[in-house]
S.K.: 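Pasting a structure here, questions to come.
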Amino acid sequence: MIRPILRFGEQTLHRPAALVDEVTPDLHVLIDDMIQTMYAAPGIGLAATQVGVPMRIFVADVSAGRSNADLITFINPELVEAAGAQYEEEGCLSVPGFNATVTRPTRAVVRGLDRDGREQVIEGTDLLARCFQHELDHLDGRLFVDRLRGLRKTLIVRKIKKLSRSGKW
Ligand code: GNR
Ligand code: NI
């Protein structure tokens, strides 16, 4: 089932998510819904907080569904290594219509559980490293807008406020 994606301003997005203590069958329903929601959007990643579930789970597929082999599910992910710096445009399904240049590491190693509850360690470079960092941020209640400073941030926040005042957000 495709679930509605929360937008900037909705509280679950702005709060840290809790660790998952057991990988149960109903978690698979959530994960399958997240995968379907991510592909339908379409997006290259989706965190559970974006569908209003405050648990430490994200899915990612930098091929956006072109290759099934690229689908990644992480439960209780942790960043174990990050290196380098890249400066690229970034967007978010919870901040539709906006993007900004965000500094991220070029390489990120993430450790956590896969959907079967088995430990996995995955190294991401370039876009996958960016996606990992973006999703880990979501699980800590942080959006890319929170990483911005200065005019770009002020402008995005002001435009969102204006849109929500007129019921268009
Ligand atoms: O679809 C998405 N594209 C994207 C592009 C650059 C950096 C990060 C992303 S993640 C985003 C989907 C999303 O909002 N995931 O939380
Ligand atoms: Ni996002």
Side-chain angles (χ1 to χ4, degrees), residues 1-18 20 27 30-79 82-110 112 114-115 122-149 152-153 155-157 159-160 163-164 169:
M1 187 184 81
I2 293 174
R3 301 198 189 195
I5 297 175
L6 302 191
R7 291 181 175 207
F8 183 100
E10 294 187 271
Q11 280 316 299
T12 307
L13 275 179
H14 300 280
R15 295 194 179 118
V20 171
L27 217 54
L30 168 66
I31 291 166
D32 290 341
D33 285 356
M34 286 171 61
I35 292 165
Q36 213 186 327
T37 304
M38 170 179 74
Y39 286 143
I44 60 166
L46 190 77
T49 51
Q50 292 182 277
V51 292
V53 179
M55 295 202 286
R56 305 192 76 87
I57 302 171
F58 75 73
V59 295
D61 182 349
V62 289
S63 85
R66 276 175 282 120
S67 149
N68 242 4
D70 294 332
L71 177 62
I72 292 166
T73 298
F74 260 120
I75 299 167
N76 295 341
E78 282 176 72
L79 183 69
Q86 52 168 320
Y87 203 57
E88 301 286 342
E89 285 275 297
E90 184 160 326
C92 179
L93 295 171
S94 297
V95 195
F98 296 94
N99 53 48
T101 309
V102 181
T103 314
R104 300 283 192 186
T106 48
R107 180 170 170 273
V109 181
V110 177
D114 67 13
R115 59 177 288 136
I122 301 180
E123 176 183 342
T125 55
D126 306 316
L127 184 59
L128 185 57
R130 172 172 298 277
C131 182
F132 279 168
Q133 300 279 335
H134 177 110
E135 304 312 332
L136 290 166
D137 270 359
H138 271 303
L139 301 183
D140 291 329
R142 204 179 305 123
L143 303 189
F144 80 86
V145 180
D146 301 314
R147 293 233 175 241
L148 305 176
R149 288 292 169 263
R152 189 78 194 116
K153 182 183 183 137
L155 207 75
I156 292 178
V157 171
K159 283 182 177 169
I160 291 173
L163 285 169
S164 59
W169 186 253

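Each ligand, and each atom within it, is numbered from 1 in the order the structure gives.
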S.K.: Short N/O distance, under 3.5 Å, between G45 and ligand 1?
M.R.: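 Yes, at least one N or O pair falls under 3.5 Å.
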S.K.: Side chains of T106 and Q86 only: does a donor on one sit below 3.5 Å from an acceptor on the other?
M.R.: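 Absent: no donor and acceptor within the cut-off.
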S.K.: For C131, state whether at least one heavy atom is located under 4.0 Å from any atom of ligand 1.
M.R.: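 Flag not set, C131 not near ligand 1.
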S.K.: Any N or O on H134 sitting closer than 3.5 Å to an N or O of ligand 1?
M.R.: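 It does: an N or O of H134 is found under 3.5 Å from an N or O of ligand 1.
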S.K.: Quick check: does I44 get an N/O under 3.5 Å from an N/O on ligand 1?
M.R.: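 Yes: some nitrogen or oxygen of I44 is under 3.5 Å from one in ligand 1.
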S.K.: Go through ligand 1 atom by atom and flag the ones less than 4.0 Å from a non-hydrogen atom of G43.
M.R.: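 Checking each atom against G43, I get 1 (O).
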S.K.: May I ask you to list the atoms of ligand 1 that are less than 4.0 angstrom from any heavy atom of C92?
M.R.: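 Ligand 1 atoms under the 4.0 Å threshold to C92: 14 (O).
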S.K.: Strictly under 2.8 Å of the Ni ion (ligand 2): which protein N/O/S atoms qualify?
M.R.: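 Hits for the Ni ion (ligand 2) below 2.8 Å: C92 SG, H134 NE2, H138 NE2.
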S.K.: Any ion pair linking R56 and D140 (charged N to carboxylate O, less than 4.0 Å)?
M.R.: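 Salt bridge present between D140 and R56.
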S.K.: Could you tell me whether some N/O pair between H138 and ligand 1 is separated by less than 3.5 angstrom?
M.R.: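 Checking ligand 1 against H138, an N or O pair does fall under 3.5 Å apart.
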S.K.: Answer with side chain, backbone, both or neither: which part of Q50 has a heavy atom less than 4.0 angstrom from an atom of ligand 1?
M.R.: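 For Q50, only side-chain atoms sit under 4.0 Å from ligand 1.
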S.K.: Say whether E89, considering both its backbone and side-chain N or O atoms, lies within less than 3.5 Å of an N or O atom on ligand 1.
M.R.: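 Not met; the criterion fails.
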S.K.: If you measure from the Lys or Arg side-chain nitrogens to the Asp or Glu carboxylate oxygens, is any gap between E123 and R107 under 4.0 Å?
M.R.: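 Looking at R107 together with E123, the answer is yes, because their closest N to O distance falls below 4.0 Å.
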S.K.: So does R104 pair up with E90, basic N to acidic O under 4.0 Å?
M.R.: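 Counted as a salt bridge, because a side-chain N and a carboxylate O are separated by less than 4.0 Å.
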S.K.: Are the side chain of W169 and the backbone of G9 linked by a donor-acceptor contact shorter than 3.5 Å?
M.R.: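 A pair under 3.5 Å: no.
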S.K.: Taking 4.0 Å as the limit for heavy-atom contacts, which would you say applies to M38 with ligand 1: side chain only, backbone only, both, or neither?
M.R.: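 Looking at M38 and ligand 1, no heavy atom falls under 4.0 Å.
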